[in-house]
Amino acid sequence: MKKIIILISLLMLFNSLVYSQTTSREEFQLNTITTAVPFLLIGPDSRAGGMGDVGVATSADVNSMHWNPAKYAFAKKEMEFSMSYSPWLRQLVNDIKLAYLSAYKRIDKMSTAAFALRYFSLGKITFTDITGATIRDFTPNEFSIDGAYARKLSNKLSASMSARYIYSNLTGGLTVLGADTKPGQSMAVDVSMFYNNEDIRLGEMKAQYAAGFNISNIGAKMAYSNAARRDFLPCNLRLGNALTLVPDEHNKVTIALDFNKLLVPTPPQYDNNGDIFSGQNPDKGVASAIFSSFYDAPGQVIRNNQGEPVEVVKGSRFKEELREINIGAGTEWIYDNQFAARFGYFHEHPTKGNRKYFTFGIGLKYKVFGLDISYLASVTRNNPLARTLRFTLSFAFDKAKSEKPSEN
């Protein structure tokens, strides 16, 4: 059993209180954004995992709940469900894992209902006191339960509303620094839209164009004790588009591009007295935080030899706002609706987390059964996400029925 000291749990418990400090290299001023339950941002399925974690505008599939629930209205099957699994952060420990169940059912030609369950286990942890004496063992875990309703507004446009219950138990009720802890709980909603045009031609070639957005995890702040401040949920704006080329009846190639931005406060820069020098007070309401997240970056602060801030570099506030946008790009080649090969790249600025990685994936389908696998190859050194594998099994019960006319 791998022992992890109590400090790690404290960092997870009070992550909103820990802000990255300005480095001596002013041109590399770290200012990462922290939230509660970041597991909600992890792409759970292998299809998107092989395409650079893009999915807001790719074709509808059973795992659209995470990326853009509005896509469900354009799902081709009558009913489908999937199971995904990923060993997580295997470069650090060997018992962290993410599991994901999702399903949808068409209600009629215009609307679809969907469900998803996400479970994240942080593995077995040994809690110790300041002397190193063992308090007890515990397995922190988090989960969310999602429900969505998607409806077509026209032949090319759909919208969706989703609701989510979130539960996060990181300490098992342990007393930390004199405060009794408790599981964090919250409710959140997603608002999304999807545009899908399958009647495009590029010269003699058939093509499809899709675009979408999803604002996810809009909900009340979460607390892990009565004494602690409440942390923001990872409210996220996802925008994207995808172009699919259909050169013949057997081949289909999709190119997709996604942009992501957290709609939560950016940590301000403080002076030596603890007062805000640049940026905004992060202690605000959810609605205010969403709107102000587009202009609250403190920018690059220059400090004197005593560490006291003296000025903000001109134009650096806007540059920091741009750095908070993560970019994912991916491509997918499908042959005869049975085999898929995928490739992608994800980029996050070094001052905001420095996640940079390539992804690869393959997919196989046979009658009602589908299997997808993806692999993550990190660009940066010592990245705990390196060599991450994701596995997805899917089942579409009406697949044979839907394909019967094309076989005659």
Side-chain angles (χ1 to χ4, degrees), residues 41-61 63-72 74 156-160 190-202 205-216 234-247 251-263 293-294 319 321-334 340-350 352-363 372 374-380 385 388 390:
L41 296 177
I42 299 175
D45 66 293
S46 300
R47 182 196 181 196
M51 298 177 65
D53 284 332
V54 301
V56 72
T58 52
S59 59
D61 63 21
N63 295 298
S64 297
M65 180 73 77
H66 176 79
W67 305 101
N68 184 354
K71 296 195 301 181
Y72 281 123
F74 286 89
K156 298 178 181 178
L157 185 67
S158 64
S160 174
D190 300 352
V191 178
S192 59
M193 296 190 74
F194 180 59
Y195 171 80
N196 184 44
N197 189 344
E198 299 182 357
D199 302 321
I200 295 177
R201 300 194 72 89
L202 298 178
M205 185 186 302
K206 293 182 180 180
Q208 303 172 13
Y209 176 76
F213 78 86
N214 182 22
I215 304 177
S216 59
C235 183
N236 182 72
L237 170 63
R238 189 186 306 274
L239 295 168
N241 60 157
L243 176 66
T244 299
L245 307 176
V246 188
N251 294 279
K252 184 183 297 183
V253 178
T254 298
I255 303 171
L257 180 67
D258 279 12
F259 299 92
N260 289 270
K261 177 176 169 52
L262 282 171
L263 304 183
S293 65
F294 292 97
K319 290 181 179 179
E321 289 292 350
L322 294 179
R323 291 170 182 170
E324 293 178 358
I325 300 174
N326 299 331
I327 303 173
T331 184
E332 176 185 56
W333 168 56
I334 298 178
R342 304 175 180 110
F343 172 75
Y345 177 73
F346 183 89
H347 175 86
E348 182 178 59
H349 195 272
K352 297 298 178 178
N354 202 29
R355 289 177 297 165
K356 300 177 183 178
Y357 50 80
F358 289 101
T359 62
F360 310 87
I362 58 173
D372 296 281
S374 66
Y375 177 81
L376 187 154
S378 176
V379 174
T380 57
L385 294 177
T388 295
R390 300 176 205 178

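Applying the side-chain hydrogen bond (donor to acceptor under 3.5 Å, both in side chains) test to N68 and every residue at least two apart in sequence or in another chain returns S192. In this structure K352 satisfies the side-chain hydrogen bond (donor to acceptor under 3.5 Å, both in side chains) test together with E320, E324, sequence neighbours excluded. Applying the side chain to side chain contact (heavy atoms under 4.5 Å, CB included) criterion to N251, with sequence neighbours excluded, gives P247, D248, W333, Y335. Judged as a side-chain hydrogen bond (donor to acceptor under 3.5 Å, both in side chains), and not counting sequence neighbours, T388 has no contacts. Evaluation of the side chain to side chain contact (heavy atoms under 4.5 Å, CB included) rule for D372 yields S46, R342, T392 as partners, not counting sequence neighbours.
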**Report entry** Worked verdict on R238 versus H66 for side chain to side chain contact (heavy atoms under 4.5 Å, CB included)
**Finding:** CA-CA 11 Å; R238 189 186 306 274; H66 176 79; 3.8 Å; yes
**Report entry** Check against side chain to side chain contact (heavy atoms under 4.5 Å, CB included), K156 and D199
**Finding:** CA-CA 10 Å; K156 298 178 181 178; D199 302 321; 4.2 Å; yes
Query - Test side chain to side chain contact (heavy atoms under 4.5 Å, CB included) applied to L263 and F294, step by step - result: CA-CA 8 Å; L263 304 183; F294 292 97; 3.7 Å; yes
Query - Candidate pair D45 and W67, rule side chain to side chain contact (heavy atoms under 4.5 Å, CB included), full reasoning - result: CA-CA 10 Å; D45 66 293; W67 305 101; 2.8 Å; yes
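Closest heavy-atom contact between A210 and A57: CB-O, 3.3 Å. Taking all atoms of both residues into account, the shortest heavy-atom contact from T244 to K252 is CG2-CG, 3.3 Å. Minimum heavy-atom separation, G49 to S374: C-CB, 3.6 Å. Between L385 and R355, the shortest heavy-atom contact is CD1-CD, 4.0 Å. Nearest approach of V54 to A329, heavy atoms of both residues: CG1-N, 3.6 Å.
We find the CE-OG1 distance between M51 and T58 to be 6.0 Å, quoted to the nearest 0.5 Å. Atom CE of M193 sits about 11.5 Å away from atom CD1 of I215, to the nearest 0.5 Å. To the nearest 0.5 Å, atoms CG (L239) and CG (L257) are separated by 10.5 Å. The distance from atom CG of N326 to atom CG of D53, rounded to the nearest 0.5 Å, is 10.0 Å. The distance from atom CD1 of I362 to atom OH of Y375, rounded to the nearest 0.5 Å, is 14.0 Å. We find the CD1-CG distance between I327 and D258 to be 10.5 Å, quoted to the nearest 0.5 Å.
Within the structure, the side chain to side chain donor-acceptor pair (under 3.5 Å) test picks out the following pairs touching residues 206-216 (sequence neighbours left out): Y209-N241.
Below 30°, between 30° and 60°, or above 60°: for F74 and F194 the angle between ring planes is above 60°, a perpendicular geometry. Ring geometry for F358 against Y345 counts as tilted: the plane angle lies between 30° and 60°, on a 0 to 90° scale.
Contact annotation: the side chain of K356 approaches that of P350 to within less than 4.5 Å [non-hydrogen atoms, C-beta and beyond]. Side-chain atoms of L41 and L262, non-hydrogen and from C-beta on, do get closer than 4.5 Å to each other.
With R47 contributing its side chain and D61 its backbone, the two residues share no donor-acceptor pair below 3.5 Å. Of the possible donor and acceptor atoms, none in the side chain of T359 sits under 3.5 Å from a partner among the backbone N and O of F343.
Counted by atom type alone, K71 and S160 present zero donor-acceptor pairs between their side chains at under 3.5 Å.
K261 has a carboxylate O that lies under 4.0 Å from a charged side-chain N of E321, or vice versa, which qualifies the two as a salt bridge.
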